[in-house]
2 protein chains.
Amino acid sequence: MVTLEDVAKQAGVSLATASRVLNGSTRQVGADLRARVERAADELGYRANIAAQTLARGSSNVIGIVVHDLTDPYFAALADGAMRAAATEGLLVMVGTTHRDPEQEIAYVATLNAQRVRAVLLAGSRVADQAVTGRLREELARYRDSGGRAACVGQDLLGVDTVAPANREGAAELARALAGLGHTRFAVLAGPPHLMTAADRSAGFAAALEELGLPAPQVIHGPFDRDGGYAAARQVEDATCVFAVNDVMAVGALAAYRERGVRVPDDVSVAGFDDIVTLRDHVPALTTVRLPLADMGARALELALNEEEPVVVEHVAGEVVLRESVRRIA
Amino acid sequence: MVTLEDVAKQAGVSLATASRVLNGSTRQVGADLRARVERAADELGYRANIAAQTLARGSSNVIGIVVHDLTDPYFAALADGAMRAAATEGLLVMVGTTHRDPEQEIAYVATLNAQRVRAVLLAGSRVADQAVTGRLREELARYRDSGGRAACVGQDLLGVDTVAPANREGAAELARALAGLGHTRFAVLAGPPHLMTAADRSAGFAAALEELGLPAPQVIHGPFDRDGGYAAARQVEDATCVFAVNDVMAVGALAAYRERGVRVPDDVSVAGFDDIVTLRDHVPALTTVRLPLADMGARALELALNEEEPVVVEHVAGEVVLRESVRRIA
DNA sequence: CCCTCCCCGGAAAGCGATTTCCAAGTCTGC
DNA sequence: GCAGACTTGGAAATCGCTTTCCGGGGAGGG
């Protein structure tokens, strides 16, 4: 392992000079010494030990991102946006996946704290469990007390800067658009009741229907994934329009209908939420609420890095996109 | 920032003892001292500084994964598999995305080297550019000389352990299956000519056709993504069956046909490669070659961690999955 | 009962960088 | 030609932890 000392020795200069040349400093170094050091470093193939730098500098150039599941395109898009932003700042990224286990999330924050990462991004929905949320909050507070920065994409339950999709409003907007097509009997594939994102979307949708004087939708709970949508769709009793609280569930629902020979949108209309890019070519094309996921990820990083009092919560509006999975009815 | 020294002081023990209690060691510590230290750590909210540990121990508990693009489900699945495996080993993960820029890949290896990560996983295809590959190889050699471990998912161009999908064989198998359905005039949406994965699949397909005594397919090059498939499909001249070298391109091709009113599989059959999970519900269901991506990622990590002479290259067979996007013809 | 060996606690030497503080030049301006 | 202000190079302290080495005390064997 080539160390800075080796380089300094080879170049015939002091450690200090070598450090100043190679690893950035406010101080100038004469042209000839600088050249000697650079040549030595090159010849030896020197690579600074970042652990040592982090220790000496007291801060690292790494950020952490914690997501539920990378294979879920929602999180992949979020993470990608944040990673692109990180790259432009010269930051490295540690990604942790919790696979929806809140304990894992807490553990990951602790670990990232131990790593002294510059910032932590928490993506994904909080659950409505006070005990767990409290512990996460505590761990986060510990991290921030020691100078760490944090931001959150999803709900603002944590007292940190947050980029929050306007789930309620987006779902309400969607409900109005669908009602505008003549639908009156709705079902909501609502996901898990304790998951805030799911609950907010479901509630926003129902609230809008109520405002419009329409009957309350049939609400069916279940997992937040493709198979959850598939299973929930089979329980729909009598609705002309089904709202799945995310696109992946909506795709599951479409699969269930297809299997049973129920035509979409002729027999039933289906809508989702998120506008996942990978699903843009789905047939029938999914009506949904578009969220600028990559931008949200990037924005969250920005918020974290420039974190200041007071805590800011940015709401990101979704845009209703009507596609062929819904139709106007008589 | 609470340091180990603070904990030791509070517990009234030496630094060494505190270290032994909190951060694992072969040495035993008496029960009462151990309890005192644990209580002190807990009260103060101590979190070990991993940079310092890494420096002192000379090795870290982080691995690096370099992928082209996280929003591409192929890489997401690979990364997810590797990350699950890492988690069971208690390892943390740094993910780098290159967005298909080989320079970025080299830079990332250098950075991971600087981080002294325990292992590096390189996912994604090499390009057939000797100069760039040489530099990557060099950087990798530097890393491995200093004790780093590495493995690769894709081509084995780098002299490191590799998990390589049997691209040629899989594509050949697919060609035989499609020929078995009566097809004789083929087109290949072949992706970029210099990308090894794409080239191998394309070549394997063509070779199998030749063996069967069938005419050579029309080969159309273009980008390796959805839009590349879309664009390439429009250039197909006269074929009853189109093979896109990956699923994402196949989906683009399907979209192109749909727009032009060409029915799949009635008018033309389409097949892809990879069997991306997110696309399983696509209509029409995509005929493809299934690759166990998550397993491959996990296996690559395993190889890297247990790396030994000689270099091992594991070929992973793909499984042809016939679905409704192809049909038997007269 | 003494000696040896083992077990456990602490002092201190690293790990590989950064950065402060000094000292010695080098330029200015008069 | 000289004082004072800048530059520039180097020695050494420091970051927070691990680990070797040393020493003291208790257990076990002769």
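These values consider heavy atoms only, across backbone and side chains, with no hydrogens, waters or symmetry-generated copies.
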For this session: Indicate, with a heavy-atom threshold strictly under 4.0 Å, whether A/S19 touches base, sugar-phosphate, or nothing.
Result: base

For this session: Hey, could you give me the OH/CZ distance between A/Y143 and A/R149, rounded to the nearest 0.5 Å?
Result: 9.0 Å

Exercise. What are the bounds, 5' to 3', of the part of DNA chain C that sits under 4.0 Å from heavy atoms of chain A?
Worked result: C/dG16 to C/dC21

Exercise. Which comes earlier along DNA chain D counting from the 5' end, the contact point of A/R116 or that of B/R20, where each point is its nearest nucleotide?
Worked result: A/R116

For this session: Find the distance A/N49:CG to D/dC15:C1' and express it as a whole number of Å.
Result: 13 Å

Problem set entry | N or O in side chain of A/Q28 less than 4.0 angstrom from D/dT7 OP1/OP2 | no

Problem set entry | Separation of atom CD in A/Q115 from atom C1' in D/dC17, rounded to whole Å | 14 Å

Exercise. So do the side chains of A/R135 and A/E103 get within less than 4.5 Å of each other, counting heavy atoms only?
Worked result: yes

Problem set entry | Residue among B/F224, B/F75, B/Y74 satisfying ring-ring contact (aromatic ring centres under 6.0 Å, His included) with B/H68 | B/F75

For this session: Just call it for A/I50: base, sugar-phosphate, or nothing, with non-hydrogen atoms closer than 4.0 Å on any strand.
Result: nothing

Problem set entry | Whole angstrom value for the distance that separates P of D/dG16 from CD of A/Q53 | 16 Å

Exercise. Do A/R100 and A/E105 meet the salt-bridge criterion of a basic N to acidic O distance under 4.0 Å?
Worked result: no

Problem set entry | Integer-rounded Å distance: D/dG10 C1' and A/L4 CG | 13 Å

Problem set entry | Distance, rounded to the nearest Å, where B/R47 contributes CZ and D/dC15 contributes C1' | 20 Å

Exercise. Side chain of A/A16: nearest nucleotide among D/dG16, D/dA12, D/dT19?
Worked result: D/dA12

Exercise. Below 4.0 angstrom, N of the basic side chain to O of the carboxylate: do A/R142 and A/E139 qualify?
Worked result: yes

Exercise. Considering heavy-atom distances to DNA chain C, does A/T3 or B/R27 have its closest nucleotide positioned more toward the 5' end?
Worked result: B/R27

For this session: Please work out if B/G30 contacts a base, only the sugar-phosphate, or nothing of the nucleic acid, heavy-atom cut-off 4.0 Å.
Result: sugar-phosphate

Exercise. To the nearest Å, how far apart are A/L33 CG and D/dT8 C1'?
Worked result: 9 Å

Exercise. Between CG of A/L140 and OG1 of A/T133, what distance do you get to the nearest 0.5 Å?
Worked result: 11.5 Å

Problem set entry | Residue whose nearest DNA chain C nucleotide is more 5′ - B/A52 or B/T17 | B/T17

Exercise. Heavy atoms under 4.0 Å, any strand shown: does B/A48 hit a base, just sugar-phosphate, or nothing?
Worked result: sugar-phosphate

Problem set entry | Basic-acidic side-chain contact under 4.0 Å: A/E302, A/R299 | yes

